[in-house]
Structures are given as C-alpha cells and as structure tokens.
Amino acid sequence: MNTVLSTLRSPRRLTTEILAGLVTSLALIPEVVSFAVIAGVDPKVALYTSCVMAITIAFVGGRPAMVSAAAGATALVIAPLVASHGLDYLIAAVWLAGALQIVLALVGVARLMRFIPRSVMIGFVNALAILIFSAQLGHLFDVPWLVYPLVAFGIAMVVFIPKLTTAVPAALIAIIVLTGIVVLFGVDVPDVADQGELPGGFPAWMIPDVPFTVETLGIIAPYAVGLALVGLMESLMTAKLVDDITDTHSDKTREAWGQGVANGAAALFGGMGGCAMIGQTMINVKEGRARTRISTFCAGLFLLLLCVTVGDVVGAIPMAALVAVMIVIAVSTFDWHSITPRTLKLMPISETLVMLVTVIGTLATDNLAVGVVAGVLTAMVAFARRVAHMTRVEAVDDADGVRTYTVSGELFWASSNDLVYQFDYAHDPDRVVIDLTAAEVWDASTVATFDSVLQKYAEKGKTAQIVGLDGASLHRVELLSGRLGT
C-alpha cells in the first residue's frame with residue numbers, strides 16, 4: 001500500500017504525486033470559477049475555498065488522493081442565500097454546515113454507505129460521466145473554429161501518450177503543448193483568464209458580520225443542513241468510487257468529519273464551502289495515478305501559488321486543453337459494460353430501473369446527491385416488492401379437525417399487510433394453528449397483523465394459535481403482541 005512515508009522515500013512515486021497534484025490544480029481553476037458564478041460570489045471566494053479545503057482535507061480526510069474544493073452541487077444549495085442575504089450569511093452557514101458534518105460523522109452517518117446498492121453506484125458513476133461531459137459542451141459552442149482541432153489534438157495526446165510513456169501525466173503534457181501552440185502562434189481562443197479574475201494575494205481571515213441571534217440561525221440553518229447533507233453524500237460516494245478504482249479501503253467516518261473540518265477552515269478564510277470534486281479526483285487518481293495525500297496537498301498548494309504568483313501564465317492556458325482532458329475522463333469514467341445489450345438482457349429489470357432513476361434524477365437536478373437518494377429509494381421499493389411476493393400461505397386439515405396454516409417467507413410491512421385476507425375465518429374449524437416455523441417476523445406491522453388475525457377468529461368463537469417462532473421473531477411477538485392497539 002502506498003503511504004506518505006513510503007512515497008517520500010521514493011523519488012519516482014513522489015514525482016508522480018506532485019505532477020498529479022499540478023494537473024489537478026490546473027483543472028480546478030476553470031471549474032471552481034464557474035461554480036462561483038452559480039453561487040453568486042466573486043471567483044476569488046471559490047478559489048480560496050478550493051485552496052484551503054484541498055490542503056486541509058489532505059491532512060484530516062479519510063480517503064487519500066481524493067480532492068475537495070468548491071463544488072457545483074454545494075453552489076446550487078447556497079445560491080439563494082447569497083442572493084438574499086449576502087456573503088456574511090453564507091460564511092455563517094458554512095460554519096454551521098461544517099459543525100453539522102462533524103456531528104453527523106460522530107453519530108455514524110458514514111456507516112449508511114453500506115446501504116447503497118451496486119446499481120445505484122453504477123448510476124452514480126454514469127451520471128457523473130455525463131455531467132462531466134455535458135459541462136464541457138459550453139466551451140465547444142459559439143467559439144472560434146480552431147478550438148475544435150485543438151480539442152481533438154488534446155484528446156489524442158491524453159489517449160495515446162500513456163502508450164509511449166507514463167513518466168509524466170499525459171494530461172499535463174497536453175496542457176503544456178496546447179498552451180505553447182496557442183501562445184507561440186498567437187491563436188485567439190478562449191482561455192482560463194476569460195473565466196474570471198484570479199486572486200492577486202493570499203487569503204485573509206474573515207469573521208462573518210452577522211448578529212448572533214435566533215433569527216440569524218433560522219435564516220442560515222436550512223442552507224447549512226442542505227450544504228452538510230449534499231456535501232457528505234457526494235464526498236462519501238466519491239470516496240467509495242476511488243476505493244473501487246484503487247482497490248483500497250478508506251475511513252468513511254474520518255472522511256465525514258474531515259469534510260466538516262475542511263468546510264470550517266474554508267469559512268475561516270471567507271470561503272463558500274464545498275465537498276469532494278469528482279471530476280478533479282478522477283484526474284488525480286486516473287490520469288495522474290496518484291494514491292496518497294501528497295497529491296491532494298499539492299493540488300491545493302499549487303492552486304494557491306499559481307493564482308497568486310503566475311496568474312497571467314495560468315490565465316493563458318486554453319480552455320481547449322482542459323476540455324480535452326475532461327472529455328477523456330468522462331468517457332473513461334462511464335461504465336459502458338452496464339448498457340451493453342448482453343448486460344441489459346441478463347440484469348433484472350428492477351436493477352436497471354434503479355440505475356436509470358439514479359441517472360435521470362441526477363441529470364434533471366444537476367445534483368448527484370438527489371439522484372443517489374432517488375436511486376436508493378427506488379431500490380428499497382423494488383426490494384420490498386420482491387421480498388413481499390416470496391411470502392406463501394398454505395392450509396392443511398389434519399385428522400382431528402384442526403386446520404394448520406403454514407406461513408413461509410420474510411414478514412414485514414410490505415409482505416404482511418395482505419396476510420389478514422389469507423385466512424377463512426367463517427369456514428375454518430373451531431381450532432386453527434398458524435405455523436411460522438418457516439417465517440421470520442421483522443417489524444411491528446407484522447405483529448399487529450397477527451393480532452388482527454387472532455382477534456377475527458376470536459370474534460367467530462374460534463381458537464387460533466401461533467406456533468413455530470423462535471429467536472428474535474419470538475421475542476418481537478412476545479414484546480409487542482396485544483400492545484399495539486386495535
């Protein structure tokens with residue numbers, strides 16, 4: 001496993017991490033500037049946020065090589081607050097969001113990741129790829145025609161250079177070569193400087209000028225909650241994605257409270273808050289082949305140094321170079337196997353539906369968190385329906401005139417509600433046995449259903465008895481039966 005110490009002892013690995021951080025920092029600039037426009041804040045705010053968050057998360061985060069910065073999803077959440085109350089209230093909301101993320105981490109919210117189905121994860125990855133690709137389209141319309149050959153040349157370099165050498169990230173080579181071509185030949189194409197003004201100095205401390213009152217809390221709390229939840233969702237999903245790509249495990253709980261600390265640090269410098277940057281993380285991990293915290297730290301450090309020291313040079317980078325890199329990332333990120341005819345034929349319809357709901361929910365809202373929640377809810381409903389149909393009730397009469405109903409399957413709210421109609425109360429003999437040996441009782445709804453069954457038999461003057469329970473099912477019935485109302 002690659003660690004910081006082992007990487008520092010290996011010049012080759014250290015060079016890889018540093019160069020990956022450099023490429024990632026260059027890719028961050030136009031993205032976070034565009035997110036600043038969405039949020040309604042000065043580009044400097046987004047860039048300072050990204051510098052501070054990347055550097056901070058490199059130390060406190062739970063997923064090495066993942067990059068956090070000002071993100072599009074969080075920008076969408078905070079935009080109304082900025083428009084109505086201004087930057088100071090935004091900073092206060094980011095402070096509160098960071099605190100909420102730390103609290104949520106301590107109560108174990110990261111453990112909920114185990115409930116994310118594989119089909120939701122595939123939908124998340126595919127939606128991510130589509131969003132990355134669609135974000136580049138704005139740089140390909142209404143532009144000089146020379147942008148198109150530059151983008152094509154950039155894509156070719158990113159794809160084919162790794163077949164020749166992996167000593168230097170192909171993305172970095174493409175950016176340098178295309179920038180050299182544009183500067184050398186004086187090609188007039190959109191560049192990074194056209195996206196917004198870069199900072200001219202280091203960030204300064206900033207305490208929000210807001211009254212510390214209940215009224216202020218009422219204003220910022222809804223946005224803080226949204227910022228905290230969206231940020232955690234995207235960060236934890238991205239961490240899981242990087243786990244799969246690198247075949248390593250990350251500490252999701254540490255990542256959750258690390259996001260809170262990073263947002264708090266960003267707010268300290270007047271930042272807008274953020275979360276894991278999925279596209280830039282893919283550049284860092286896939287194109288840059290980074291595996292440690294060093295790359296994340298370098299991404300934040302380079303971003304800060306590039307903006308405040310050589311802003312003019314960075315501003316000269318043609319957007320065509322960055323678009324080429326991001327298009328390759330989008331294409332390589334998409335799970336093409338998931339949409340092949342063979343896979344779609346073999347995959348259960350419910351699994352494919354969950355993936356599609358995740359993708360459609362994300363694309364409709366431009367918010368990966370919304371898509372993931374929609375996908376998980378769809379998966380829950382599909383699972384409940386599937387398990388509910390596995391419940392069976394069979395009736396057998398014995399020689400003594402006793403009718404025995406054998407119930408099998410998993411009994412919970414979705415599968416037990418119809419059980420009350422599976423018994424012939426009017427025509428059954430005076431004694432009825434309900435055998436649950438092959439069943440499991442999972443919730444209070446099932447206990448209430450059997451209470452209703454027993455009551456219906458009692459109203460007919462007949463005796464019904466439940467047998468065959470043991471373990472947790474028996475304990476649940478003994479604890480709740482007769483105590484759930486009519």
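Residue indices begin at 1 and follow the sequence shown.
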Mind listing the side-chain donor-acceptor pairs of residues 352-363 below 3.5 Å, one per line with the distance, residues two or more places apart or on another chain?
from : atom 1 : to   : atom 2 : distance (Å)
T358 : OG1    : V354 : O      : 2.9
T362 : OG1    : T358 : O      : 2.8

Under 3.5 Å side-chain donor-acceptor pair for T248 and R63 = yes
query = So, E17 side chain and T292 main chain: donor-acceptor pair closer than 3.5 Å or not?
reply = yes
request  = Mark yes or no for whether D191, through its side chain, and M319, through its backbone, hold a donor-acceptor pair below 3.5 Å.
outcome  = no
message = Could you walk me through whether H139 and V147 satisfy the side chain to side chain contact (heavy atoms under 4.5 Å, CB included) test, starting with their C-alpha distance in whole Å, then the side-chain angles of each, then the deciding distance to 0.1 Å, before giving a yes or no?
response = CA-CA 9 Å; H139 301 295; V147 168; over 6 Å; no
inquiry  = If you define the side chain from C-beta out and look only at heavy atoms, does anything of F412 sit under 4.5 Å from T391?
reply    = no
inquiry  = Looking at I349, I'd like to know if its CD1 atom is crowded, meaning that more than 12 non-hydrogen atoms belonging to other residues, nucleotides or ligands lie closer than 6.0 Å.
reply    = no
task = Look at R118 together with D244 and state whether they make a salt bridge at an N to O cut-off of under 4.0 Å.
result = no
message = What I'd like to find out is whether the side chain of I434 reaches to under 4.5 Å of the side chain of F450, using heavy atoms alone.
response = yes
request  = Report yes if the side chains of I278 and F124 come closer than 4.5 Å at any heavy-atom pair, otherwise no.
outcome  = yes
ask   = Counting only heavy atoms not in F383, do more than 12 sit closer than 6.0 Å to its CZ atom?
value = no
task = Begin from the C-alpha positions of L469 and E478 and carry the test side chain to side chain contact (heavy atoms under 4.5 Å, CB included) through to its verdict.
result = CA-CA 10 Å; L469 288 174; E478 289 178 341; over 6 Å; no
Flag if over 12 foreign heavy atoms under 6.0 Å of OH, Y425 = yes
key: side-chain hydrogen bond (donor to acceptor under 3.5 Å, both in side chains) between E440 and S473, worked out   = CA-CA 6 Å; E440 290 289 338; S473 294; 2.8 Å; yes
query = Would a distance-only check, ignoring hydrogens and angles, find a side-chain to backbone donor-acceptor pair under 3.5 Å from S68 to M53?
reply = no
ask   = Hey, are the side chains of D243 and K252 touching, using non-hydrogen atoms and a 4.5 Å cut-off?
value = yes
key: Heavy-atom donor-acceptor pair, T49 side chain to M272 backbone, under 3.5 Å   = yes
inquiry  = Checking L100 against L227 for the side chain to side chain contact (heavy atoms under 4.5 Å, CB included) test, could you report, in this order, the C-alpha distance in whole Å, the side-chain angles of both residues, the deciding distance, and whether it holds?
reply    = CA-CA 9 Å; L100 287 174; L227 191 63; over 6 Å; no
query = Counting distance only, does the side-chain N/O of N263 pair as donor-acceptor with the main-chain N or O of V94 below 3.5 Å?
reply = no
Any donor-acceptor N/O pair, T446 side chain to W442 backbone, under 3.5 Å = no
remark   = One should read off an interatomic distance between Q280 CD and L28 CG, to the nearest 0.5 angstrom, of 4.5 Å
ask   = Okay, side chain of T449, backbone of S445: is any donor-acceptor separation there less than 3.5 Å?
value = yes
task = For D435, enumerate each residue passing the side chain to side chain donor-acceptor pair (under 3.5 Å) test, keeping only those at least two apart in sequence or located in another chain.
result = T437
key: Donor-acceptor contact below 3.5 Å, side chain Q136 vs main chain I132   = yes
message = Quick one: does any side-chain atom of S295 pair with a main-chain N or O of R291 as donor and acceptor, under 3.5 Å?
response = no
message = Evaluate M282 against V242 for side chain to side chain contact (heavy atoms under 4.5 Å, CB included), listing each step before the verdict.
response = CA-CA 8 Å; M282 291 299 100; V242 177; 4.1 Å; yes
message = Using a 6.0 Å cut-off, check whether atom CZ of F133 has over 12 heavy atoms from anything other than its own residue.
response = no
request  = Check whether any side-chain heavy atom of T24 lies under 4.5 Å from a side-chain heavy atom of F302, and answer yes or no.
outcome  = no
